[in-house]
Number of protein chains: 2
Amino acid sequence: MDNKIVTIKEIATKLNISPSTVSRALHDHKSIGLRTKARVQELAKELNYEPNQTAIFFQQRKTFTIGVILPELSEAFFSSAISGIEDCANKNKYTVLMGQSHDDTEREKQLVETMKNHRVDGLLVSIAKNTTTYEHFEAIKKYDIPVVFFDRIPSMENIHYVACNMASGTTQAFNFLRKLGHKTIGMINGPMNLLASKERVEGYRNALTKARLKYDPSLIISCDLTTDGIHKVTEKLLSLKNKPTAIIAFNDYVLLDAVEAVKKLKLKINKDVSFVSYANLPISNYSAHPPLASVEQFSYQQGYKAMEIMLDLLSKTNSENDNTTFYKIILEPQLIIHTPATL
Amino acid sequence: MDNKIVTIKEIATKLNISPSTVSRALHDHKSIGLRTKARVQELAKELNYEPNQTAIFFQQRKTFTIGVILPELSEAFFSSAISGIEDCANKNKYTVLMGQSHDDTEREKQLVETMKNHRVDGLLVSIAKNTTTYEHFEAIKKYDIPVVFFDRIPSMENIHYVACNMASGTTQAFNFLRKLGHKTIGMINGPMNLLASKERVEGYRNALTKARLKYDPSLIISCDLTTDGIHKVTEKLLSLKNKPTAIIAFNDYVLLDAVEAVKKLKLKINKDVSFVSYANLPISNYSAHPPLASVEQFSYQQGYKAMEIMLDLLSKTNSENDNTTFYKIILEPQLIIHTPATL
DNA sequence: CTGTTAGCGCTTTCAG
DNA sequence: CTGAAAGCGCTAACAG
């Protein structure tokens, strides 16, 4: 068995020509004679030549690899998003280097470091939920590694990102509930360092303003998105004097925990309290207590789009250092109303 | 801003010593004087030196990168498995290069190629459901890139793999249903090129044999695992003369489609026909029609274990080329019986 | 304890 | 149209 790895040099000596000629022939360089080009390509195939990418990466200072950092792969939103990223990357000859922060800022920092050392061409990140300092992302700019954020966007200036307009999604959700007759609507929100949490509040308040209603801040409670946190918050909401008859849950996972809390209180879903949530994950379709509606956030598309932006950034990174314009792609979410049949 | 990237050579000239000394000092080589070591490390930190991994990868013929090829990231089983892989890899200073085959053999082949060119140190793969030729995996062995398969194992000799003992899982499922009084038990199986499908049949037959029952082959039907295929197969099973009162579904996703088919036939779940399935995915916990029980396959653990085997293989790949012993790790699955409360 | 040297495999000027 | 040579950044004999 020809276990040995074939190099350009070998092809060269076997053909009595120089390595540079071989390299050029392999790349279909115009200045190479058809005759030699053919001979080289033939022998290359015969010997089963494979270019050593690590050598090329090193030499070209480009790895055709994109680093992706996200909180948790087992959350459907993220696995779907990275699926989109990978599809787009693959289509464009890029590969994906993946790491999960597990919502731990320290690990996130370390991953940025690893990715940098691996010389990824770019970084796609969805930040850990309690990341509040951003030096690690600032730092990487100096290395000409573009960063595009998706979904979980940090509160930083001058960044590229793609996200869903959660304000508008929340307004949609709110109005939907209003139309069903709900007067008092609560919200289980996420940590306030997330843009998405701020936007939810914004959308909620916009809806109130438009409807000329008064804002009761106690109806919106932030939590850390842990099961315990969600249970507590749900109980709190449902024990208010101004008790909500409907609740907007941060996402479909949060909803699952909120539903449990409601059951513990011996209240009836869709009777004592109704829910609307975000993400529109497949679990909702099969759930025993699906939300009345869920704000679709197009996770796959977000990932795909983020990668497209990255490709664009990479294509012109050398010519113009456009440190002035930033992509801020905001997808319009869509409230998916679940049919009565499934309720 | 010091945008320039610092190299060992620079540190060397600034300190009037040789690059090799710097390299050694940075690696805490014992033969370097404490004095110089300190000076080097200090300056390195000051200049913010970062080793160029691509150079190291190239030079060392090792990338500390593991390629992972799996069918579909948005399937919970796989995202959970890769989560385990990544955790184990990360803990051991390895990174994960990821690609989805989307159950397409062509793309799988191409991914193997890409991974090979990227010079991954090893490959972890769960094959596409209709992959039946394995040259691409045979080929990669010549490059000293170990391959460990997980969950979806090809019918090849001499491979490393970790999987769940689906035979035993199926026997457990079968016996569970028998105890509930079911006499005629059907099975929606996957494509027969998958080891897991063969094992299901084996487990089914073992259970029959032990119970001294006769085997009716029409009660086991293979399908392509598409929604349409599942619908057809379900209808077929339920229109047999020897009609099953319980069905073992290939996994929790298949179950969802099978349930739909049952509804279309106006039959009642858990009355006309009961289900048991595999995977025990979270969806089951929230599903409107969860299976009576589900065979837990420990996806995260499978991924983690596969990566551990890989690490072991990598640690001794140079010393002994142990082409004779192969890891065949078979995890014992566990039938998780869903509490009546959720039914 | 430290320096010299060579080389990993490839691309790419610069000369013919 | 082709060759010679340099060099990407780092490590590792080998030689002091």
Side-chain angles (χ1 to χ4, degrees), chain A residues 3-41 43-44 47-65 116-121 143-144 318, chain B residues 3-41 43-44 47-65 93 116-121 143-145 318:
Chain A
N3 217 333
K4 201 161 159 306
I5 281 175
V6 188
T7 71
I8 276 193
K9 220 203 269 181
E10 278 175 41
I11 301 186
T13 46
K14 285 215 171 136
L15 253 38
N16 262 321
I17 56 180
S18 84
S20 36
T21 306
V22 175
S23 170
R24 284 186 277 238
L26 257 16
H27 288 236
D28 248 342
H29 196 288
K30 44 190 154 191
S31 76
I32 296 291
L34 284 173
R35 189 62 240 227
T36 28
K37 205 181 275 184
R39 282 177 45 200
V40 168
Q41 287 175 354
L43 184 60
L47 296 182
N48 201 6
Y49 167 76
E50 308 272 358
N52 182 340
Q53 290 289 5
T54 64
I56 298 174
F57 293 160
F58 170 47
Q59 209 260 149
Q60 313 269 74
R61 287 161 191 69
K62 186 148 170 36
T63 59
F64 281 100
T65 301
K116 183 181 65 189
N117 286 346
H118 272 253
R119 294 294 195 267
V120 294
D121 293 341
Y143 293 84
D144 278 324
N318 22 8
Chain B
N3 216 335
K4 202 161 158 305
I5 281 173
V6 188
T7 72
I8 275 194
K9 221 202 267 182
E10 278 175 43
I11 301 186
T13 46
K14 285 215 171 137
L15 253 40
N16 262 320
I17 56 179
S18 86
S20 38
T21 306
V22 176
S23 171
R24 284 186 277 238
L26 257 16
H27 288 223
D28 248 342
H29 196 288
K30 44 190 155 191
S31 75
I32 296 293
L34 283 173
R35 189 62 241 226
T36 29
K37 205 181 275 185
R39 282 177 46 200
V40 168
Q41 288 176 354
L43 185 59
L47 297 182
N48 202 5
Y49 167 77
E50 307 272 358
N52 182 341
Q53 289 289 5
T54 63
I56 298 175
F57 293 160
F58 170 48
Q59 206 263 147
Q60 311 271 73
R61 286 162 193 72
K62 187 148 170 34
T63 59
F64 281 100
T65 301
K93 304 276 165 210
K116 183 180 65 190
N117 287 345
H118 272 252
R119 294 293 194 269
V120 293
D121 292 340
Y143 293 83
D144 277 325
I145 299 179
N318 21 7

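All values reported here derive from a predicted model rather than from experimental measurement. The sequence lines fix the lettering, A, B, ..., with proteins before strands; numbering per chain opens at 1.
The side chain of B/Thr54 places no N or O atom within less than 4.0 Å of a non-bridging phosphate oxygen (OP1 or OP2) of D/dC8. Distances shown here put a side-chain N or O of B/Gln60 below 4.0 Å from the OP1 or OP2 atom of D/dA12. In this model, the phosphate group of C/dT11 is approached by a side-chain N or O of A/Ser23 to a distance below 4.0 Å at OP1 or OP2. A/Thr7 has no side-chain polar atom (N or O) that falls below the 4.0 Å cut-off from OP1 or OP2 of C/dG9.
Within 4.0 Å (heavy atoms only), A/Ser31 reaches at least one base atom of the nucleic acid. Contacts of B/Arg24 with the nucleic acid, taken as non-hydrogen atoms under 4.0 Å apart, include base atoms. Within 4.0 Å (heavy atoms only), B/Phe57 reaches no atom of the nucleic acid at all.
In this structure, B/Lys9 atom NZ and D/dT11 atom P are separated by 14 Å, rounded to whole Å. Atom-to-atom, CD of B/Glu10 to P of D/dG9 comes out at 9 Å; the value is rounded to the nearest Å. Across the protein-nucleic acid pair, A/Asn52 atom CG and C/dC10 atom P stand 6 Å apart, rounded to whole Å. At whole-Å resolution of the value, CG in B/Asn117 and C1' in C/dC10 are 14 Å apart. At whole-Å resolution of the value, CZ in A/Phe58 and P in D/dG9 are 6 Å apart. The NZ-P distance, from A/Lys30 to C/dT12, rounds to 13 Å in whole Å. Nucleotide C/dC1 holds its C1' atom 15 Å from the CG atom of B/Asp28, rounded to whole Å. As rounded to whole Å, 8 Å separates atom P of D/dG9 from atom CD1 of B/Ile5.
B/Arg61 CZ to B/Asp121 CG: the interatomic distance, rounded to the nearest 0.5 Å, is 12.5 Å. Taken to the nearest 0.5 Å, the CD1 atom of A/Ile8 stands 10.5 Å off from the CZ atom of A/Arg24. Here OG1 of A/Thr54 is found 12.0 Å from CD of A/Gln59. Values are rounded to the nearest 0.5 Å. Atom CD1 of A/Ile56 is separated from atom NE2 of B/His118 by 10.0 Å, given to the nearest 0.5 angstrom.
Nearest nucleotide to the side chain of B/Gln59, out of C/dC10, C/dG3, D/dG9: D/dG9. Side chain of B/Ile8, nearest nucleotide from C/dC10, D/dT11, D/dT2: D/dT11.
Each of A/Ser18 and A/Ala55 was assigned the nucleotide of DNA chain D with the nearest heavy atom; the assignment lying further toward the 5' end belongs to A/Ser18. Projected onto DNA chain C by closest heavy-atom contact, B/Asn16 and B/Arg61 fall at different nucleotides, the more 5' of which corresponds to B/Asn16.
Side-chain to base pairing of B/Arg119 with C/dG9: no donor and acceptor N or O lie closer than 3.5 Å to each other.
Both the sub-6.0 Å distance and the 45° axial angle are not jointly satisfied by A/Lys62 relative to the ring of A/Phe57.
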